[in-house]
Amino acid sequence: MAAGTSTVFLLMVNGQVESAQFPEYDDLYCKYCFVYGQDWAPTAGLEEGISQITSKSQDVRRELVWNFPIDVTFKSTNPYGWPQIVLSVYGPDVFGNDVVRGYGAVHVPFSPGRHKRTIPMFVPESTSKLQKFTSWFMGRRPEYRDPKVVAQGEGREVTRVRSQGFVTLLFNVVTKDMRKLGYYTGPADTHSIPVPSVPQ
Amino acid sequence: MNPREEKVKIITEEFSAHDTMKNFGQIELNKASRSQPSPKGPPTPSPEKMVSEEAPPDSQQGPAQEEPQTRLLSATARRGPRSLPPIPSASRTGFAEFSMRERMREKLQAARSKAESALLQEIPTPRPRRLRSPSVKELETEFGTESGKEAERTQPEDASQSHPRVKFRDSARKIKPKPRLPPGFPSAEEAYNFFTFNFDPEPEEPEEKPKPKPRDETGQEEEKGEEEPPSQEGADRMDEEELVQGQEAEDFLLGLDHRAADFLAVRPADYESAQVRLQREQEMLFVPSRRTVPTYKKLPENVQPRFLEDEGLYIGARPEVARGNQNIMENRLLTQETGRRWFGDDGRILALPNPIKLLPSRPPVLTQEQSPTAELETLYKKAVKYVHRSQQVIGSGDPSGNFQLDVDISGLIFTHHPCFSREHVLAAKLAQLYDQYVARQQRNKAKFLTDKLQALRNAVQTGLNPEKPHQSLDMNQKTINEYKAEIRQTRKLRDAEQERDRTLLKTIIKVWKEMKSLREFQRCTNTPLKLVLRKEKVDQKADEEAYEAEIEAEIRELWEEQGEAYEQRMEAYRTSYQQWKAWKKAQKTKKKKKRQADEEHPEEETEEPHPGEAPGKPTPPEPPDRAAVEQQVRERAAQSRRRPGEPTLVPELSLAGSVTPGDQCPRAEIWRRDDVKRRSVYLKVLFNNKEVSRTVSRQLGPDFRVHFGQIFNLQIFNWPESLTLQVYEMVGHGSPALLAEVFLPIPETTVITGRAPFEEVEFSSNQHVTLDHEGVGSGVPFSFEADGSNQLTLMTSGKVSHSVAWAVGENGIPLIPPLSQQNIGFRSALKKADAISSIGTSGLTDMKKLAKWAAESRLDPNDPNNGPLMQLISVATSGESYVPDFFRLEQLQQEFNFVSDEELNRSKRFRLLCLRSQQVPEFRNYKQVPVYDREILEKVFQDYEKRLRDRNIIETKEHTDTHRAIVAKYLQQVRESVINRFLIAKQHFLLADLIVEEEVPNISILGLSLFKLAEQKRPLRPRRKGRKKVTAQNLSDGDIKLLVNIVRAYDLPVRKQAASKFQQPSRSSRTFSEKRAASPSTHSPTHSADYPLGQVLVRPFVEVSFQRTICHTSTAEGPNPSWNEELELPFRAPNGDYSTTSLQSVKDDVFINIFDEVLYDVLEDDRERGNGTHTRVERHWLGCVKIPFSTIYFQARIDGTFKIDIPPVLLGYSKEQNMVLERGFESVRSLSEGSYITLFITIEPQLIPGESVREKFESQEDEKLLQATEKFQAECALKFPKRQCLTTVIDISGKTVFITRYLKPLNPPQELLDIHRDNPQATAELVARYVSLIPFLPDTVSFAGLCDLWSTSDQFLDLLAGDEEEHAVLLCNYFLSLGKKAWLVMGNAIPEGPTAYVLTWEKNHYLIWNPCSGHFYGQFDTFCPLKNVGCLIGPDNIWFNIQQYDSPLRINFDVTKPKLWKSFFSRSLPYPGLSSVQPEELIYQRTDEGAAAELQDRIEKILKEKIMDWRPRHLTRWNRYCTSTLRHFLPLLERSRGEDVEDTHRTELVRQLGDYRFSGFPLHMPYSEVKPLVDAVYSTGVHNIDVPNVEFALAVYIHPYPKNVLSVWIYVASLIRNR
């Protein structure tokens, strides 16, 4: 498919997974990945990443700071399936087993500019008390088969989850050619830039 | 009092009280006013904001002009409250009048203070603000307007007046901060007044005078308070109540004294006279009058009653109430204070149109006996299938049930079409003209008129003859005149006709010439039209004479005519001349008179000439000129008639011309033809405006004719009102477009099928089409001229030829609705646009009448109930009656459509997105759909469209007989519906699909894990570890490999050491390998064919082909070779889609072919033998094993020994059984015939097979039975989770059915039973063979997702396709009917996996039948493919295997032993006697042998063509002699089922084809389609021989079995002539 330069729009996302608040847990690391539709393709940067392990700050805020950078560029022909970032946070439990501490997802902001997002995180619950105990004991908590589930609506009705904490993300979004293709996502500054007429 | 004024006062009071403050404020004000030099300038936002923040919403704000000042003073306003000095305490001592009140107030305090604490919380605090801010602001306002000075002026005035008030206010203020009850202040005052009035009248009296003032003041305060939010008012009231309570407490104490005075006193009984009582009653009672209340009383003053109805608003009908009651009510209401509001604007009591509640409500019934739950219990009732009554009606022969109209649509011809080329246009024109010509020729009007003329002339002749005496002369004259007139008329008509004929002929010739030139110009011919002009010689002389005579006659007549006319004109001339003369005379006399009167009336003179009519002098008519007449006649004759002697031209139009083939046409023409090819047309048949059926879509032929030839039998109930055909055209696979509608007449009742003539109905469409190729388009002007002049605009038009007739019933009665119904029909035909029925009054027809009725009955046009009717009337009477014949669900959809549907359909991007979201395989993984339409290439859709097209083609071409085509179509439908169902089911997720969770540990797991701790770290015998399974999503091409491990084979056929070899020692080309094997390997010169040991009889190797990749092993030797090689084949998923669903539907097979490698010495000359070896390697196919990929995918691995599918006759090979037996080992294996291969196949990495669909299907079964099945299955699964246990299955309509219902004795075809009447074993085998001949179609491939659909045996036989279950069920049913004890065995077999077999009990042993191959095995046969047994199913029970082992070798099949077999129906749950789903008996039709023979020839032809195709570089010669020999053999093979013929066969062949080296074999297959046959032939590799002088032979034989089951034999052979 001969796709000229003007027939796709680009979305550049950079920013970072700044910090998290998990009041009960410590020594966490996080993984992120992007979920996007069929018309999207990453052109540069990392789609997935895994951060260092961080411990809680000693001050009153008790924050877990990663400052883990995100830098990825997508190209697309269709805003359907706009990228979502999926975060999953892991950390050791009492016995030192790595268990999941939270899943969460958020869409990459549509409009260009700097955005801060705080995502609530949750984990799937065990189906029964006994299983809860054994999973705690064995250090094998229920996990999603695929963390990308949290970015979809399908099949969620069968799960029960518990909220765990928050992760704060910072996005800097730059788009290119969106307007040229007829998609207006920016804030109300449309009159400041002359809008090129959509060809066709 | 003006509220503003009042406020000003209050404010000034404050200022007078605090002078310092005032001064200060003054300064501030001045400052402020200075700082704001232009107070009336435009407002700036910020100060205003401040003010608005400061000030509460104030309705009494001054007019707009004051606003600037408000702003101006806002600063002061803020400061004001802060700078207020404390309230002076001295004010208390101010006035004597107040002292009393003060005391009283202090007294009150005590009672009040209690309530205060409670109130404190509730009372909103803004009180101080409320008092101050508006007042201060007002003050500022005032000051602002008059700039300080005004304030100075007003202040002194007020100061004196309001002094007492100020004092009072001060005192009030003094109290106010103390209780901190700001909102209560004025009301407290009021309360106080109240108390003083009631209990302290004396001290109050002197105060009466000053009283009004404070009251007034409080009133003002109250008024101000009203502006406050209601919460404060509420607080006020609270306060008041509190006060009253406090007072009451006091009062109560005081009241005790009075009680003491109430002593008992005895008095006489009072008598009150009735009058007094009445009077009293009148005082007490109110009796509303019954008189009508005048309207003015009911309405506010000076208001005229207003009648909404008169204004056109809808008012519903009021409920009926008696006039008197109404009056009473009105009177009653009027006495009440708020009574007025009960009356509407029209002075009547407000009333709802319908006082009845919409929803019924009733009080709950309280019954003690029954609990509510008992009443609410639901009763289960089984759904009953609804059988349409009319079907029974037909059966009983009742004629009133239904009727049938046969619509036969034979075809469609376009007289113009957008794709017409210019030539087509001309051709159409020509054809039309020719048709016209032929029609005229048939009528031959000119001839008729000529004859008539002749007759008339004769008549005139005879009339003129005087020898008719009996006719009176004048009578005669009259008729002659009439005749003459008629002659004139006829002649004119004839001339016109002749001229028309001639011009028609001329135009035909002209058009033909144009067409010829056009053909020359465009260098190709598009139409086969050809015009031939036939000259018919005429007798020159006779012709000329006739011509002259005709002209003569005509001239004579004309002459006569003109003579008469001349006479007439002369007559007219004479009379007019006379007139003129008279007039002239009169003129002269007049003139004389005029001259006399000239002086007096000068103006009259001028007028005088005018009134005279001034008739001109008539000119005498010219006498007729004979020469001129003749000239005229001749001219006309020359024009319209054939010249004498000129040959008659007879045009003949034929379709004999040849059309230029596509490749020789110019580009544009090719495009046009392609476009025509892409177009297809179909017709919809609409009966009473409802689509009832449609024809198949047919391609438009190059001649723009479409032949349908379809007859639609419309089963109708009502008299038909309209019958319409809609012509739809489709371009490619786009959406069909409606071209035109054709209305067919309803046939007369006498028109009956068979007698109805074909009629043509023309249609035309007004669509505008412009095309970019040679097609001229439609509705678009075009021209034949080069300069574009003489433009033509043609519209698409055509003709449909059809016939409509009433059908005739079985007993010869035409199926026509009776006349009575017809009448109803006519009426309903009138109300074609029937919207009235929607209102509920169907049958109304006349709109005008309806409108009249509506007007007469004074229907309220504004009543919403009548809305639709009114609208209908208005629409109908206005003439634009458009009643849609459909019901729109989303009526507003149109409004939301931002683009028309057509445009949307045209959008390629939209189409792409749609297809992708529909998960069409080609597009499922389409990434990055381009933004613009123009970037999407047509190429993208080509494959898809091709596939769609191909599918249709297969249906029409590949299936030679219609039955299979229908079956294929039906299967396709079933498949689609099932797939849709599964797609929905796939949306159901289970927790396990989403979340990984540890199982609940049970004791065994815990025990195991404990045991594991004790396990050795490095065991001596390591356990096999399961491979890691890979989810399908993150795979790509090349990641998956298919591993085929070929271990060894047993009992391969060996080359026959043909006796012929010794018989023909002259043959030079002995097989090299034989020689080599004979001499070097064994070093035994004595070795020969007679030696069985050490003999290299065969050198087999294995070739595995999968997805067009071929791998082969090395060559091993001997009939029991061992290769032990692993072959690796790459696997590619279709369309790069590695999802589970896609992998499930992979239809590829793994072919494992075993070949014998034969080395031939090709040396021509023995003398060169020393110099080098020239050998040719040939490979001979021995057999194959075919394993579907789906099996491997679901089984994960396949491990076992498989029977090799070896053709019954392998020429040149034989199974050397006797030798093996002699050797005495492997005796077990020798028990079964055939060759075997041991294989291990798996996929690397291991893929996770798809989960079966968990869907609960609806069922007709009893609920209890279903529960029992679930329980049974759960119990079985608990004990032996791996054993298959089946209790319910899904039938073809998607319903759950209990499995035993499938088993029932069913009769096999009688012919099969007849063959071996006395041999039941042979019959059983034959029946098994019959079943195995029904083609196999796995469900898992066709239905993505693991789900078996079980069809009943009759469905199975109708479909002629099914998988193991269907085969097994049918076979089992046959066996049951043969009287055997038979069961269905559910278990696992290789290579199929979970499957169904049939078990029969013969006299003393069990036999296991493979229903798909027709083979049977003993229970202890090692090579039985059935490896384990899960359950047995009989017609009345299910037995689950609870024995320790499940291999058929090790289990006991005695189902009567409950320890070994767990039965479903037992004593606790007896068999309820379930009815079978199978039919009563199977009906077999004999297969048409002719059709089979035809198919046989066809297949043979196809295969021969294929073989030639596969050998593109070599010449393929067919040995006809051999072919005929082979053809002769095949029926024998069929008869013997491929056994025991080898030897005779061989000798026969050798005898006939002695000097050929021959290799070949018959293949045997059930017939389903042509493709598998082709594949099978290809896989044998017969065509691969490239010996130059090779010849081939191929014969096909099809043996028909009943019910269209065909057994196909293909004999392929290659022959090499021995020199």
Side-chain angles (χ1 to χ4, degrees), chain A residues 1-4 6-9 36-41 74-81 100 103 123-150 152 154-161 177-178 180-183 198-200, chain B residues 898-899 903 906-910 912-920 923-940 983-1003 1005-1006 1009 1029 1031-1034 1136-1137 1139 1248 1251 1254:
Chain A
M1 186 103 330
S6 67
T7 58
V8 291
F9 63 84
Y36 42 83
Q38 278 186 308
D39 295 321
W40 290 77
F74 293 98
K75 72 172 177 187
S76 172
T77 57
N78 193 350
Y80 177 74
V100 67
Y103 293 104
V123 286
E125 278 276 81
S126 297
T127 36
S128 66
K129 286 256 194 269
L130 179 64
Q131 268 165 308
K132 191 167 187 171
F133 171 74
T134 51
S135 65
W136 171 82
F137 186 72
M138 314 277 281
R140 299 181 66 173
R141 310 281 171 96
E143 284 181 27
Y144 282 119
R145 283 189 183 271
D146 186 358
K148 289 178 179 175
V149 166
V150 298
Q152 312 159 356
E154 231 179 30
R156 292 273 279 273
E157 73 276 8
V158 298
T159 61
R160 305 282 174 277
V161 296
D177 287 341
M178 286 274 286
K180 213 182 261 177
L181 298 181
Y183 303 117
V198 182
Q200 219 170 5
Chain B
F898 59 94
V899 69
E903 210 165 319
R906 222 181 299 140
S907 163
K908 282 185 265 180
R909 180 166 198 256
F910 181 70
L912 201 59
L913 290 170
C914 278
L915 287 170
R916 186 173 73 178
S917 82
Q918 282 163 15
Q919 304 247 312
V920 174
F923 304 101
R924 197 187 293 150
N925 286 341
Y926 199 91
K927 298 246 161 72
Q928 300 239 329
V929 173
V931 178
Y932 299 119
D933 260 6
R934 56 180 145 85
E935 289 165 21
I936 300 172
L937 307 175
E938 272 299 330
K939 207 169 61 189
V940 178
L983 279 181
I984 295 161
K986 248 187 4 190
Q987 305 293 318
H988 296 288
F989 285 89
L990 280 195
L991 184 69
D993 297 335
L994 290 175
I995 292 175
V996 201
E997 194 177 14
E998 289 287 293
E999 296 262 320
V1000 185
N1002 56 22
I1003 199 74
I1005 292 176
L1006 281 177
S1009 52
K1029 290 189 178 181
T1031 45
Q1033 49 215 8
N1034 39 17
D1137 180 5
S1139 64
I1248 296 171
E1251 300 280 312
R1254 304 164 296 263

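Order of the sequence lines sets the chain letters (A, B, ...), proteins ahead of strands, with each chain counted from 1.
Residue A:S135 does not touch chain B at all, counting heavy-atom pairs closer than 4.5 Å. For a residue to count as touching a neighbouring chain, one of its non-hydrogen atoms must lie under 4.5 Å from one of that chain's; by this rule A:R160 does not touch chain B.
Summarising the geometry, atom CZ belonging to B:R909 is positioned 4.5 Å from atom CG belonging to A:N78; distances are rounded to the nearest 0.5 Å. Between atom CZ of residue B:R916 and atom CG of residue A:D39 there is a gap of 4.0 Å, rounded to the nearest 0.5 Å.
No donor-acceptor distance shorter than 3.5 angstrom exists from the side chain of A:T7 to the backbone of B:V931, with no hydrogens or angles considered.
Two residues are said to be in side-chain contact when any heavy atoms from C-beta on lie closer than 4.5 Å; B:I995 and A:T127 fail this criterion.
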